[in-house]
A.B. asks: 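Mind looking over this structure? Questions follow.
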Amino acid sequence: MAEAAPSPSTGIIRFEGMIVEDGCEVVYQGQNLQSSCYRNGQTLTAQHSIASTAASPQSLPQNLGSTHMNWLDDSRKLGILTVSYN
């Protein structure tokens with residue numbers, strides 16, 4: 001008869017570092033999302049339709065990350081926009 005060893009349920013995780021750049025601003029405009037990212041003294045922008053953002057992740061300017069929309073209702077009036085940074 002084999003038994004699995006119990007796994008530890010406590011521990012400590014430490015993070016060190018700092019945030020050195022602001023996140024991007026994402027604004028809803030009609031049926032589009034506009035992403036604006038300030039980097040190296042410039043504001044970089046990208047625009048994608050909400051439909052394409054729901055179908056697959058769309059890139060932020062200069063490939064800084066991506067956006068993806070998950071709809072919570074069938075009428076597509078309520079959703080969660082996830083912004084992921086590289």
A.B. asks: More than 12 non-hydrogen atoms from neighbouring residues, nucleotides or ligands closer than 6.0 Å to CZ on R76, yes or no?
C.D. replies: no

A.B. asks: Is the shortest heavy-atom distance from the side chain of I80 to the side chain of W71 under 4.5 Å?
C.D. replies: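 Not touching, per the 4.5 Å side-chain cut-off.
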
A.B. asks: With distance as the sole test, does Q58 use its side chain to make a donor-acceptor pair with the main-chain N or O of S56 at under 3.5 Å?
C.D. replies: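 Such a contact is found between Q58 side chain and S56 backbone.
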
A.B. asks: Under a 4.5 Å side-chain heavy-atom rule over Ile, Leu, Val, Met, Phe, Trp and Tyr, are L44 and V26 clustered together?
C.D. replies: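 Result: no, two separate clusters.
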
A.B. asks: Among N70, L81, N32, which residue satisfies the side-chain contact (heavy atoms from CB on, under 4.5 Å) criterion with T53?
C.D. replies: L81

A.B. asks: Any side-chain heavy-atom pair from N86 and L64 closer than 4.5 angstrom?
C.D. replies: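 No, their side chains stay 4.5 Å or more apart.
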
A.B. asks: Atom CD1 in I50, atom CG in L33: separation rounded to 0.5 Å?
C.D. replies: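 Interatomic distance, I50 CD1 to L33 CG, rounded to 0.5 Å: 4.5 Å.
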
A.B. asks: Tell me whether Y28 is reachable from L60 by hopping between hydrophobic residues (I, L, V, M, F, W, Y) whose side-chain heavy atoms are closer than 4.5 Å.
C.D. replies: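 In one cluster: yes.
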
A.B. asks: Is any side-chain heavy atom of Y38 closer than 4.5 Å to a side-chain heavy atom of D22?
C.D. replies: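 No, side chains not in contact.
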
A.B. asks: For the atom pair CD (Q29) and OG (S49), what is the distance rounded to the nearest 0.5 Å?
C.D. replies: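 Q29 CD to S49 OG: 13.0 Å, rounded to 0.5 Å.
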
A.B. asks: Between T45 and Q34, is any pair of side-chain heavy atoms under 4.5 Å apart?
C.D. replies: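 Touching, per the 4.5 Å side-chain cut-off.
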
A.B. asks: Just so I know, are the side chains of S66 and Y85 near enough to count as touching, which here means a heavy-atom distance under 4.5 Å?
C.D. replies: no

A.B. asks: Answer yes or no: does atom CD of Q42 have more than 12 heavy-atom neighbours from other residues, nucleotides or ligands under 6.0 Å?
C.D. replies: no

A.B. asks: Roughly how far apart are H68 NE2 and S84 OG, rounded to 0.5 Å?
C.D. replies: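 Answer rounded to 0.5 Å: 9.5 Å.
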
A.B. asks: Just wondering, do P61 and S35 contact through their side chains at under 4.5 Å, heavy atoms?
C.D. replies: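 S35 reaches P61 side chain to side chain.
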
